[in-house]
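Below is one structure; the comments refer to it alone.
We use all heavy atoms of the structure for the numbers below, so side chains are in, but hydrogens, waters and symmetry mates are not. Remember, it's 1-based here, ligands and their atoms both numbered in the order they're listed.
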Amino acid sequence: MSWLTEFVRPKIRNLFARREVPENLWHQCPACQQMIFHRDLALNLKVCPHCGHHMRGSATERLTWTFDEGSYIRIELPKVPADPLRFRDSKRYSDRLKEARDKTHLDDALVVAHGKLGGHQAVVAAMEFEFMGGSMGAAVGEGIVAAARLAVLQEAPLIVFTASGGARMQEGAISLMQMPRTVIATRLVKEAGLPFIVVLTDPTTGGVTASFAMLGDIQIAEPGALIGFAGARVIEQTVREKLPEGFQRAEYLHEHGILDMVVKRTELKDTLARLIGLLRVKELPAAA
Ligand SMILES: [Zn+2]
């Protein structure tokens, strides 16, 4: 620590901090820089009313936005061994987990719930990007398996909202083993003849893209979502070519046949309800 970092830097920071808008009332859109009332932003499901930019939603917000009247029942997910490798980088993995739990009030980066969606029974699993970048370790893998089992038990479709940086490096090979595990989970749902729908949200990358996130019967993404396996810079360096404009964005992937549709968040719930209705023809006689 020098005089420069200890004394001068905080002074400079204060100089700028004063100009910031109070966080509790307004939110600045990172895309168009316009100011939005927090309440308006919440009413618009965290989509900028000026430019349509989709801001990230938390796992629990996803559930509220998706289920009828925002009401659902969360299930408890299987407990997994904490820090199996006793991993440590600049911090202990166990400390990182504790921090993430305090920050998000979740046990890990996945939440699973069931309830009604457009009047149909549905199981929804939502990933939490704020929990260690939505990384997939044993807890997320077990959670996806639990969600698939619940869908089969309830004869309900499974909908997964993805948001992940990929595998959780602190769990090493155990994290990688979740890729085949979650793939098997999707098979359980499909073999039971139930719809499996994936909604890719910003960002979905790495081992999650390389496993269950790309196996939906229907692949949906939110506008502008970053979806890919490796980062654009890594690919550019490997292929030594400039990548096209909008590469790895939802719209580009849709144009190139990787996705079935790009749906605005405000239309997502109705789209999901319609799809379930179309795919679950079996339900119709009972409903009539
Ligand atoms: Zn905006």
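Within the 2.8 Å limit, H53 places no N, O or S atom next to the Zn ion (ligand 1). Among the atoms of C32, an N, O or S atom falls under 2.8 Å of the Zn ion (ligand 1).
Using a 4.5 Å heavy-atom cutoff, the side chains of I36 and P49 are in contact. A 4.5 Å side-chain heavy-atom check between E128 and V111 finds every atom pair outside the cut-off. Residues R62 and R265 are in side-chain contact: their nearest non-hydrogen atoms beyond the backbone lie under 4.5 Å apart.
Angle SG (C51) to the Zn ion (ligand 1) to SG (C48): 110°, rounded to 10°.
Taking CD of E142 as the start and CD of Q178 as the end, the distance is 6.5 Å to the nearest 0.5 Å.
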